[in-house]
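Notes to accompany the following structure.
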Amino acid sequence: MAARARAGIAPAAEAAYLAGLNPEQREAVETLDGPLLVLAGAGTGKTRVLTARVAHILATGRAFPSQILVVTFTNKAAREMKERIHAMVGDQVEGMPWLGTFHSIGVRILRRHHELVGLKSGFTILDTDDQIRLLKQLLAAENIDEKRWPARLLASTIDGWKNRGLSPKDVPPGEGAVFANGKGGMLYAAYQARLKALNAVDFGDLLLEGIRLFRENPDVLAEYHRRFKYLLVDEYQDTNVAQYLWLRLLAQGSKNVCCVGDDDQSIYGWRGAEVDNILRFESDFPGAKVIRLERNYRSTGHILASASHLIAHNEGRLGKTLFSEGEEGERVTVTGAWDSGEEARAVGEEIEALQRAGHRLSEIAILVRASFQMREFEDRFVTLGLNYRVIGGPRFYERAEIRDALAYLRCVNSAADDLAFERIVNVPKRGIGDATVKQIHDVARAAGVPLQEAARALAQSEELKPKVRATMRGLIEAFDRWREQARTLSHTELAEIVLDESGYTEMWQKDRSAEAAGRLENLKELVRSMEPFENLAGFLEHIALVMDTDNGAGEDAVQVMTLHSAKGLEFDTVFLPGWEEGLFPHQRALDEQGKAGLEEERRLAYVGITRARASARIWFASNRRIHGLWNSTVPSRFLDELPDAHVRVEESRGGMGWGGSSYGGGSYGQSRFDRAEPFAASSYSTPGWQRAQNNRGRSDGGGPSRSGFSERSGGRYDAGAAGRRGPMVIEGTLVASSTGAPSSFRTGERVFHIKFGYGEITGIDGNKLTVQFDKAGEKRVLEAFVDRV
DNA sequence: ATCAGTATACTTTTT
DNA sequence: GTATACTGAT
């Protein structure tokens with residue numbers, strides 16, 4: 001009541017969508033005029049606020065459904081948003097064409113004004129794979145060695161520019177010169193020209209061309225200004241510069257832009273997200289109001305306190321203090337395992353125990369930093385017969401058979417789709433090899449026609465060998481026939497005919513390999529997924545933008561995924577394995593991004609912990625195999641940053657544990673390296689451990705560093721952290737890296753290894769030794785981890 | 001044109 | 001250790 005009076009809005013009756021909102025949420029829903037930033041901490045009901053806000057705008061008659069722009073990042077988020085709005089306002093949501101991802105709305109706008117940005121109607125949207133193939137061609141045309149300058153690198157460089165809203169002419173000359181000895185900028189321009197010639201855009205263009213459209217056509221922009229009375233943006237911390245510019249242009253109209261996000265959950269910096277966008281909101285949108293949602297409805301007290309204490313170590317943040325009124329619950333646990341195998345075994349046992357205690361598997365998640373970690377858990381679960389599901393991973397559309405099938409359909413849909421034609425011209429193998437393809441290219445270029453036309457011309461000429469000519473003619477005729485059939489048949493029937501007559505299905509039927517059956521199944525699934533669409537073109541557009549397939553909830557199973565894909569989800573119990581220096585925080589994040597990288601890793605840790613409602617269980621292993629070699633590891637610095645009072649250190653039950661019992665009694669407040677004798681009397685009093693300790697001491701002596709931290713990155717991190725928090729300095733990890741230095745060992749010597757025990761050196765390669773172990777057999781190990789005996 | 005053997009890399013991922 | 005990508009031989 002009070003809130004309503006304060007906001008000066010008095011709906012006839014208390015609206016259902018306002019029921020149960022706390023004062024801050026309610027304020028965020030009811031503050032409709034002017035720019036608004038809602039800083040919504042983890043589990044504070046951000047989606048609820050967004051959806052209630054839409055309901056409120058509609059209920060108060062401030063705008064029609066078609067006058068509200070709601071932007072999300074993923075299709076999944078858009079879908080969920082739509083469902084929840086539907087639950088509140090019913091079928092009015094059907095009148096909201098401007099609810100979608102940045103990209104889907106971007107296409108929608110470009111399709112309406114294609115002629116203003118130099119595109120023909122029906123332009124195609126290239127995916128990453130098409131992009132790479134196109135760039136490869138450009139590199140070849142420029143005689144640039146693809147070995148030294150991979151197309152992938154160029155693709156991500158161009159993507160980076162596009163993320164930052166830079167078209168070829170805007171790229172700073174210095175940056176453009178970095179790739180291929182000064183040819184980067186030129187290649188970007190050439191790439192854009194090729195796209196135009198192909199009547200195609202890539203994902204970045206969907207926004208970049210939109211920005212250009214608005215800038216060059218004020219009347220068009222004004223039209224959208226009139227249209228969009230309210231703008232809502234989800235996950236604002238994930239926006240990149242291009243998205244920000246695009247949004248700002250649109251928001252200049254009504255100025256009623258509401259962005260919801262959490263700077264502490266910004267984990268996509270590596271793909272262009274700018275935390276700065278959210279940090280600078282108030283200056284970017286003058287007169288902006290900021291509302292903080294800090295009441296957490298998800299996690300218990302200990303979990304929340306642990307996450308909050310951890311994230312407080314970050315400098316660049318707006319600052320929020322999450323609180324809850326729920327139970328303290330159980331403490332966050334930290335458990336060490338001897339190696340990654342034991343980690344998986346112990347986690348498996350715990351999950352079985354939880355299952356026996358009546359917990360549902362689908363309420364248990366394993367959140368890993370890197371996908372290679374999943375494998376050991378999967379192996380373990382298979383042995384245990386534990387149901388699990390891997391979320392993420394290679395997506396449906398990325399599978400070769402799906403892409404091939406789509407390429408066929410694209411060729412039928414548009415004879416001008418060169419990239420699709422190129423992909424399938426010799427799939428299945430029909431004897432049209434590189435040489436012939438090059439011929440087609442030459443003809444196409446000379447005549448300025450699409451590849452399919454060029455192929456047609458060649459098939460009629462005398463230039464090809466009779467055999468190739470016949471196949472070519474057959475293929476062209478097939479495409480003509482399919483296009484003809486497309487007029488009369490449904491698109492699903494057409495797809496079946498195309499896949500069948502092209503010999504594509506047959507190709508997999510003949511394939512004896514293990515995955516062939518699955519591929520055929522996927523093809524069927526593809527055809528099935530076409531059903532809801534009106535026509536082929538509509539389906540192809542959808543598939544270009546919506547590349548996820550939701551493999552429905554399904555049966556009760558443990559959820560295995562990366563920390564990144566866990567954002568936005570929640571579970572009763574969350575296992576967080578692999579909290580070791582080098583893996584988490586990831587070495588590469590540290591090397592490449594320095595302090596910013598560390599802070600993003602820390603946000604990732606924060607995201608991980610806050611996924612848990614009742615139980616968060618962190619693990620680390622003392623030994624892990626990295627690139628095939630066993631390495632000793634050091635527990636993650638993030639463990640030190642957890643608050644003692646809310647954490648319980650546990651002994652691993654299975655096997656040897658990590659042996660560091662003194663660890664549990666000690667304080668977490670400071671770096672463990674500040675202690676004089678960290679693990680005296682532990683099982684680490686072995687030659688290998690001592691040697692590792694010595695190495696650590698040695699690495700600050702200025703000699704060639706053997707630590708996993710390069711001198712460069714270690715120094716950079718220390719400089720940043722030492723200044724403000726003193727003892728966080730970690731001089732070097734025990735993760736040894738390869739050095740070219742000659743080994744001090746000789747073959748025939750007896751050595752001891754921390755994991756494999758005693759053995760005899762049989763070979764030496766730099767600092768890698770081949771050792772015949774008495775018990776473990778022959779292994780290749782790093783010199784740093786064995787000792788003379 | 002195709003296969004097999006070797007080189008190479010290998011965080012995170014959406015659209 | 002393993003998957004993929006490319007080169008060279010058939």
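These numbers were taken from a predicted model, which means no experiment stands behind them. Residue numbers begin at 1 in each chain, while the letters A, B, ... track the order of the sequences.
- Counting non-hydrogen atoms under 4.0 angstrom, A:Gly431 reaches the backbone sugars and phosphates but no base.
- At B:dT14, none of the side-chain N or O atoms of A:Asn75 fall inside 4.0 Å of OP1 or OP2 (strictly under the cut-off).
- The 5' end of DNA chain B is approached more closely, in terms of each residue's nearest nucleotide, by A:His627 than by the other of A:His627 and A:Thr562.
- Among the nucleotides B:dT15, B:dT12, B:dT13, the one closest to any side-chain atom of A:Leu545 is B:dT15.
- Atom CG in A:Leu590 sits about 14 Å away from atom C1' in B:dT12, given to the nearest Å.
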| Canonical and wobble pairing (Watson-Crick, G-U, under 3.5 Å) of DNA chain B, dot-bracket with | | ||||||||||.....
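- In the set C:dA3, B:dT13, B:dT15, the nucleotide with an atom closest to the side chain of A:Arg375 is C:dA3.
- The side chain of A:Ser565 has B:dT13 as its nearest neighbour among B:dT13, B:dA1, C:dT2.
- Of all nucleotides listed (C:dT2, C:dC6, B:dT13), C:dC6 comes nearest to the side chain of A:Lys136.
- Contact annotation for A:Asn426: backbone-only contact, meaning every heavy-atom pair under 4.0 Å involves sugar-phosphate atoms and none involves a base.
- Comparing B:dT13, B:dT15, B:dT12 by their closest approach to the side chain of A:Ser371 singles out B:dT12.
- Residue contacts shown for A:Lys465 are absent, as no nucleic acid heavy atom lies under 4.0 Å away.
- At whole-Å resolution of the value, CD1 in A:Ile626 and P in B:dC10 are 16 Å apart.
- Salt bridge annotation for A:Asp238-A:Lys567: present, with a cationic side-chain nitrogen under 4.0 angstrom from a carboxylate oxygen.
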| said: Using side-chain hydrogen bond (donor to acceptor under 3.5 Å, both in side chains), reason through A:Tyr191 and A:Asp202 one step at a time and then give a plain yes or no. | reply: CA-CA 10 Å; A:Tyr191 169 69; A:Asp202 63 18; 2.8 Å; yes
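- A cation-pi arrangement is absent between A:Arg410 and A:Phe421, since the terminal nitrogen or guanidinium carbon is not both under 6.0 Å from the aromatic centre and inside a 45° cone about the axis.
- Going from atom NZ of A:Lys162 over to atom C1' of B:dT15 covers 13 Å, rounded to whole Å.
- Using a 30° and 60° split on the angle between ring planes, A:Trp508 and A:Tyr504 fall in the perpendicular class, above 60°.
- Aromatic ring orientation, A:Phe214 versus A:Trp246: tilted (interplanar angle from 30° to 60°).
- Distance, A:Phe203 CZ to B:dT15 C1': 4 Å, rounded to whole Å.
- Using atom C1' as the reference point in both C:dA3 and B:dT14, the two lie 24 Å apart (nearest Å).
- Checking B:dT14, B:dT2, B:dT15 against every side-chain atom of A:Lys429, the shortest atom distance belongs to B:dT2.
- Partners of A:Phe638 by ring pair (Phe, Tyr, Trp, His ring centres under 6.0 Å), not counting sequence neighbours, listed by chain and number: A:Phe584.
- The distance between atom CG of A:Asn631 and atom C1' of B:dC10, rounded to the nearest whole Å, is 14 Å.
- Taking 4.0 Å as the cut-off between side-chain N and carboxylate O, A:Lys46 and A:Asp234 count as a salt-bridged pair.
- Here the P atom of nucleotide B:dT12 and the CH2 atom of A:Trp270 are 8 Å apart, to the nearest Å.
- Looking at A:Gln373 and A:Glu343, their side chains never bring a donor and an acceptor atom within 3.5 Å of each other.
- Look at A:Lys147 and you'll find a side-chain N or O under 4.0 angstrom from OP1 or OP2 of C:dT7.
- A:Leu153 places its CG atom 12 Å from the P atom of B:dA9, with the value rounded to the nearest Å.
- With B:dT15, B:dA1, C:dT2 as the choices, the nucleotide that has an atom nearest any side-chain atom of A:Thr128 turns out to be B:dT15.
- The side chain of A:Lys467 contributes no N or O atom lying less than 4.0 Å from OP1 or OP2 of B:dA1.
- Heavy atoms of other residues, nucleotides or ligands lying less than 6.0 angstrom from CZ of A:Arg152 number 12 at most.
- Taking atom NE2 of residue A:His103 and atom P of nucleotide B:dT14, one finds them 12 Å apart after rounding to whole Å.
- Taking the nucleotide of DNA chain B with the nearest heavy atom to each of A:His586 and A:Arg430, the more 5' of the two is matched to A:Arg430.
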